[in-house]
Visitor: 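Sharing a structure below in C-alpha cells format, with a few things to ask.
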Amino acid sequence: PTSPVVPPAAPAGPTSPANPNPNPKPSSPDASDAAAAPKPGVMHGAIYKNLDNASVDLVDAVGKPMVIELWATWCGPCRAQRDLMHTLSVEFPDVVFVGVSVDEGGAPVVKRWLANNPARNPANSRVRDLIATPEFRSIVARREKSNSAPQVVYVSRRGEIIDVAVGVQNEKFMRALLTNQLKTAKKN
C-alpha cells in the first residue's frame, strides 16, 4: 500500500493562514495611483499674493487646466478680457481661472477697484483674484518678454505654461482651446 502524499507546508504569503486576507487594501494610495496623479508644477507654487498680501499657492488646481489673466486696473482692454474670463469661469467649472493683477499699487489698489466696479467682478464668477509677485513675473517672462496687458497664460493640468497670449483673446478661440484642454486632460 502506498502512503498518502502530504503537501508541503504553504509559505507565509498572501494566501497563507498567517495572512488570511489575500487582497489586502493598502493603507496609503497605490503607487500606480500616485504615478497617474499629476504633481504640482511651477504655476501651482506659492508665486502669488492674495488681496490681503499673503503668499498663496494654487496646489488645489493640480490636475485641472488653468487660465491666468495678467491685468491692471488702469488697462481698458483688460476689462474686456476680465468680462470674458468671468463668463467662461461659469461655463467651464473644470478649469481654474485666475486674474493676476500687475498693478504697481498692489492689493490696496485692486481691492478698491473691485469694490468700485462690482459689475466687473460678478458674484457667480469663479475667477480668483491675486497679485503678481516678482517670481510669477519672472516665470511668465521666460515665455513672453512683453510687459503688455492683458496677457493670458494657458497652463496645463500639470502646472506647465502651454502658451502666453498678448492682448484680448477671441472668445471662440478661448472656448475651443478650453474644450480641447479638457478633452486632453480626461484622456491622460
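These values consider heavy atoms only, across backbone and side chains, with no hydrogens, waters or symmetry-generated copies. If you're wondering where the values come from, they're calculated on a predicted model, not measured in any experiment.
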Visitor: V95 vs L88, test: side-chain contact (heavy atoms from CB on, under 4.5 Å). Steps then yes/no.
Guide: CA-CA 9 Å; V95 176; L88 294 175; over 6 Å; no
Visitor: Would you say R126's side chain and P93's backbone share a donor-acceptor pair under 3.5 angstrom?
Guide: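 Present.
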Visitor: Under 4.0 Å between a Lys/Arg side-chain N and an Asp/Glu carboxylate O for R157 and D94?
Guide: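 Salt bridge between R157 and D94, a charged N being under 4.0 Å from a carboxylate O: no.
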Visitor: Taking side chain to side chain contact (heavy atoms under 4.5 Å, CB included) as the test, write out the residues that go with N53, two or more places apart.
Guide: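 Counting only residues at least two positions away or on another chain, N53 forms a side chain to side chain contact (heavy atoms under 4.5 Å, CB included) with K49.
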Visitor: So, taking the atom named CG in L84 and the one named CG in N170, what distance separates them when rounded to the nearest 0.5 Å?
Guide: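 Spacing of CG (L84) from CG (N170) equals 9.0 Å.
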Visitor: Just grab all the disulfide (SG to SG under 2.5 Å) pairs involving residues 64-115, residues at least two apart or on different chains.
Guide: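 Found C75-C78.
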Visitor: State plainly whether one hydrophobic cluster holds both M174 and L182, where clusters connect Ile, Leu, Val, Met, Phe, Trp and Tyr through side-chain heavy atoms under 4.5 angstrom apart.
Guide: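 In one cluster: yes.
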Visitor: Main chain of Q81, side chain of Q169: is a donor-acceptor contact present, judged purely on distance under 3.5 Å?
Guide: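 No, the answer is negative, given that no donor and acceptor are paired below the 3.5 Å cut-off.
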Visitor: Holding to salt bridge (charged side-chain N to carboxylate O under 4.0 Å, His left out), I want the full list of residues that pass it with D103, two or more places apart in sequence or in another chain.
Guide: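 Applying salt bridge (charged side-chain N to carboxylate O under 4.0 Å, His left out) to D103 gives none.
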Visitor: Enumerate the residue pairs fulfilling side-chain hydrogen bond (donor to acceptor under 3.5 Å, both in side chains) with a member in residues 56-67, sequence neighbours excluded, ordered by first and then second residue.
Guide: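 Of all non-adjacent pairs touching residues 56-67, those that pass side-chain hydrogen bond (donor to acceptor under 3.5 Å, both in side chains) are D60-R128.
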Visitor: In the single-linkage hydrophobic clustering (I, L, V, M, F, W, Y; side-chain heavy atoms under 4.5 Å), do I139 and V155 co-cluster?
Guide: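 Yes.
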Visitor: Tell me the closest heavy-atom pair linking V98 and M85, and the distance in Å.
Guide: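 Looking at all heavy atoms of both residues, the closest pair is O-CE, 3.6 Å.
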Visitor: Sequence neighbours left out, what passes side chain to side chain contact (heavy atoms under 4.5 Å, CB included) with N124? Give chain and number order.
Guide: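 V90, P122.
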Visitor: Do you know which of V56, N50, V100, L51 makes side-chain contact (heavy atoms from CB on, under 4.5 Å) with I131?
Guide: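 Of V56, N50, V100, L51, side-chain contact (heavy atoms from CB on, under 4.5 Å) with I131 is met by L51 alone.
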Visitor: Taking side chain as C-beta onward, heavy atoms only, is W71 less than 4.5 Å from R82?
Guide: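 Heavy-atom side-chain distance check passes, below 4.5 Å.
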Visitor: Identify the heavy atoms of V102 and A72 that sit nearest to each other, and give their distance.
Guide: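 The pair with the smallest heavy-atom distance is CG2-CB, 4.1 Å.
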Visitor: Identify, with sequence neighbours excluded, every residue that meets ring-ring contact (aromatic ring centres under 6.0 Å, His included) alongside F97.
Guide: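 Scan of F97 (ring-ring contact (aromatic ring centres under 6.0 Å, His included), adjacent residues dropped) gives none.
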Visitor: Measure across G167 and V152 and return the closest heavy-atom pair with its distance rounded to 0.1 Å.
Guide: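 That closest heavy-atom pairing would be O-CG2, 4.5 Å.
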Visitor: If a pair satisfies ring-ring contact (aromatic ring centres under 6.0 Å, His included) and one of its residues is in residues 163-184, list it, with sequence neighbours excluded.
Guide: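 Every candidate ring-ring contact (aromatic ring centres under 6.0 Å, His included) pair involving residues 163-184 fails, so no pair, neighbours aside, qualifies.
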Visitor: Kindly write out the residues that satisfy salt bridge (charged side-chain N to carboxylate O under 4.0 Å, His left out) with E91, not counting sequence neighbours, or none if the list is empty.
Guide: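 Residues passing salt bridge (charged side-chain N to carboxylate O under 4.0 Å, His left out) with E91: R175.
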Visitor: Please list, chain by chain and in numerical order, all residues satisfying side chain to side chain contact (heavy atoms under 4.5 Å, CB included) with N117, sequence neighbours excluded.
Guide: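 Here the qualifying residues are W113, R120.
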Visitor: Hey, can you pull the donor-acceptor pairs under 3.5 Å for the side chains in residues 40-48, sequence neighbours left out?
Guide:
from: H44; atom 1: ND1; to: G41; atom 2: N; distance (Å): 2.8
from: Y48; atom 1: OH; to: M43; atom 2: O; distance (Å): 2.6

Visitor: Looking only at atom types and distance, does a side-chain atom of D52 sit under 3.5 Å from a main-chain N or O of A54, one as donor and one as acceptor?
Guide: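 Checking the backbone N and O of A54 against the side chain of D52, no donor-acceptor pair under 3.5 Å is found.
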Visitor: What distance do L130 atom CG and F136 atom CZ have between them, rounded to the nearest 0.5 Å?
Guide: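 Output value for this atom pair is 9.0 Å.
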Visitor: Is there side-chain contact between D129 and S101, with at least one heavy-atom pair below 4.5 Å?
Guide: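 They are not in side-chain contact.
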Visitor: Would a distance-only check, ignoring hydrogens and angles, find a side-chain to backbone donor-acceptor pair under 3.5 Å from E144 to V153?
Guide: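 Pair absent, no side-chain N/O of E144 close to backbone of V153.
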Visitor: Is it the case that the side chain of T87 and the backbone of D83 share a donor-acceptor pair, with hydrogens and angles ignored and the cut-off at 3.5 Å?
Guide: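 Between the backbone of D83 and the side chain of T87 there is a qualifying donor-acceptor contact (under 3.5 Å).
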Visitor: Side-chain heavy atoms nearer than 4.5 Å, only ILVMFWY residues, links allowed to pass through others: does that put M66 and V140 together?
Guide: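 Both belong to a single hydrophobic cluster.
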Visitor: Measuring from atom CG of L70 to atom CZ of R137, what distance do you get when rounded to the nearest 0.5 angstrom?
Guide: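 That separation rounds to 6.0 Å.
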Visitor: List in chain and number order the residues that pass side chain to side chain contact (heavy atoms under 4.5 Å, CB included) with I162, two or more places apart in sequence or in another chain; answer none if no residue qualifies.
Guide: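 Here the qualifying residues are Y154, S156, Q181.
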Visitor: Who are the salt bridge (charged side-chain N to carboxylate O under 4.0 Å, His left out) partners of R79, not counting sequence neighbours?
Guide: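 With sequence neighbours excluded, R79 shows a salt bridge (charged side-chain N to carboxylate O under 4.0 Å, His left out) to no residue whatsoever.
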